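Working notes, beginning with the structure itself.
So you know, we letter chains A, B, ... as the sequences are listed, proteins then strands, and number each from 1. No experiment lies behind these values; they were computed from the predicted model shown.
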Amino acid sequence: MNEKENRVENEKEQMTDLEEKVVKLLEDLVLVPVEGLDKKLIADLAMDSLRLVLLLVNLEETFHIELDESDMNPFLLITVRDVVNLVNKYVPGGENDE
Amino acid sequence: MSDKVLLPFHVPMFSTFHHHAAAGLAMENHPTAFNEVLNRCTTLSCTRKFLRGYTSPEPDIPRNGLYVFNSLERYGISYRFALRYAKEFVKQMLDEGLYVYCSRIDDYYLPGKSWYVVRHLAHDGIICGYDETDSTYLMAAYDTDWVFRLIRIPQNCYIEAAKACLEKREYGGITGYRAKDIDVELDEPLILEYLEDHLNSTIETVSFESDGKVSGIAVHDLLAMYIEKLKDESIPNDKMDWRALRPVWEHKRCMLERLKVIEKRHGWMPTFSERYAPLVDEANRARMMYAVFQKTRKTNLLDGIQDALLDLRKKEQTILTGFIEKMEGKV
């Protein structure tokens with residue numbers, strides 16, 4: 001395992017359940033590994049407008065939440081961490097997730 | 001002669017319609033041609049047919065598109081005369097730095113394009129490059145996910161697509177085009193005139209007796225009425241025009257750019273552009289809510305979209321009224 005892979009692996013090990021779920025959800029959308037919470041949705045993960053819309057829809061379904069209208073602009077979500085923070089607003093720590 | 005050519009590609013400011021995107025591709029890569037967009041694309045339009053059962057409000061940006069801008073040079077030929085030599089024409093145009101607009105080609109035959117093997121539809125696309133090593137074109141168009149991007153299409157499929165339309169007497173053709181080698185000035189008196197027209201066309205001025213096109217700020221109200229038709233399902237949700245709100249967002253982006261350019265030109269503080277910038281986000285949010293509605297059919301989203309449209313109209317009226325007053329003191 002090289003240094004970069006080690007770093008990614010360490011970061012993944014330290015992720016909370018909620019962060020892991022967000023990463024998995026994103027990986028299912030973009031079909032590439034999401035290596036860290038600071039990855040940019042458009043620049044690094046090549047998300048387009050369709051996938052950004054699907055992201056909102058899937059977040060609601062996966063976390064059983066209903067996003068406020070004010071949170072319906074996915075272009076304001078720049079990084080994976082922003083997505084985690086958005087979900088955290090509705091399910092702090094992900095405890096309502098199950 | 002090279003085996004590969006690819007002209008600059010980006011997603012232009014206006015890309016809801018291929019003929020808008022075509023113009024943007026050439027004009028946004030030119031030092032001043034985009035000024036013509038700022039001069040002319042000041043308003044929105046839609047039709048009123050949806051009030052009597054038609055499923056789309058047909059939103060549009062008037063005075064926009066490949067065939068209307070003076071700063072573009074165009075060389076067009078119909079497939080009726082050009083089909084046999086279409087590959088040669090396309091290659092030569094690209095070699096000379098011209099984008100190639102292809103009108104009325106059947107999506108059914110074009111891998112990666114929006115209706116590939118789904119529906120026979122005479123649709124458009126913009127060839128931005130060729131690759132002779134694998135006999136493909138790089139075509140800017142809406143893909144199967146309805147995302148505007150470059151799609152690699154076999155040249156023979158393109159010929160099939162053009163032939164299919166021609167056989168149905170859909171007389172499309174190719175138009176090679178690029179921005180002229182000229183300096184395009186910002187025309188502030190014209191912008192002022194068009195902005196006044198935009199604001200004067202309020203919903204109170206709209207007649208509901210006919211179905212025709214309406215342009216101006218009233219389009220926000222009409223689109224809110226269209227959303228009402230989705231709410232009461234008098235327009236079936238599976239027939240909804242899912243791109244209806246994209247031109248609104250594009251209009252706001254362009255308006256913001258116009259305000260910034262004029263403020264900078266006069267050395268004004270960016271007061272109006274800073275007040276207007278949130279409208280771009282609001283329009284974007286509205287179109288995203290609309291897209292989520294299309295996926296989920298959550299009808300509670302529709303109220304928010306209507307509110308956003310009416311709020312956009314109100315704020316735009318206020319900001320642009322102030323901006324016009326400021327311009328009148330200077331123009």
Whatever's closer than 4.5 Å to a heavy atom in chain A on B/Arg149 counts as neither
Would you mind telling me which of B/Ile305, B/Asn300, B/Val11, B/Asn284 has the largest number of heavy-atom pairs within less than 4.5 Å of chain A? B/Asn284
Does a sphere of radius 6.0 Å around NZ in B/Lys298 hold more than 12 heavy atoms from other residues, nucleotides or ligands, not counting ones at 6.0 Å or beyond? yes
Would you give the length of the straight line joining atom CG of B/Asp281 to atom CG of A/Asn73, rounded to the nearest 0.5 angstrom? 5.5 Å
Please report the shortest heavy-atom distance between B/Met288 and A/Ser49, naming the atom on each side. CE-CB, 4.5 Å
Under a 4.5 Å heavy-atom cutoff, which of A/Asp48, A/Asp71, A/Leu52 has the most pairs with chain B? A/Asp48
Go through the atoms of A/Glu60 and report whether side chain, backbone, both or neither lie under 4.5 Å from a heavy atom of chain B. side chain
OG1 of B/Thr296 to CD of A/Glu61: how many Å apart, nearest 0.5 Å? 8.5 Å
Okay, B/Val147 and chain A: the region with an atom under 4.5 Å from a heavy atom over there is side chain
Return the minimal non-hydrogen interatomic distance between B/Val292 and A/Val57, and the atom names on each side. CG1-CG2, 3.9 Å
For B/Asp307, is it the side chain, the backbone, both or neither that has a heavy atom under 4.5 Å from a heavy atom of chain A? neither
Roughly how far, to the nearest 0.5 Å, is the CG atom of B/Leu301 from the CD atom of A/Glu69? 7.0 Å
Rounded to the nearest 0.5 Å, what separates atom CG in A/Leu56 from atom NZ in B/Lys295? 12.0 Å
Report yes if the side chains of B/Gln294 and A/Val53 come closer than 4.5 Å at any heavy-atom pair, otherwise no. no
Let me know if A/Leu54 has heavy atoms under 4.5 Å from chain B in its side chain, its backbone, both or neither. side chain
How far apart are the C-alpha atoms of A/Leu76 and B/Arg285, what are their side-chain angles, what is the distance that settles it, and do they pass the side-chain contact (heavy atoms from CB on, under 4.5 Å) test? CA-CA 9 Å; A/Leu76 299 179; B/Arg285 186 175 57 84; over 6 Å; no
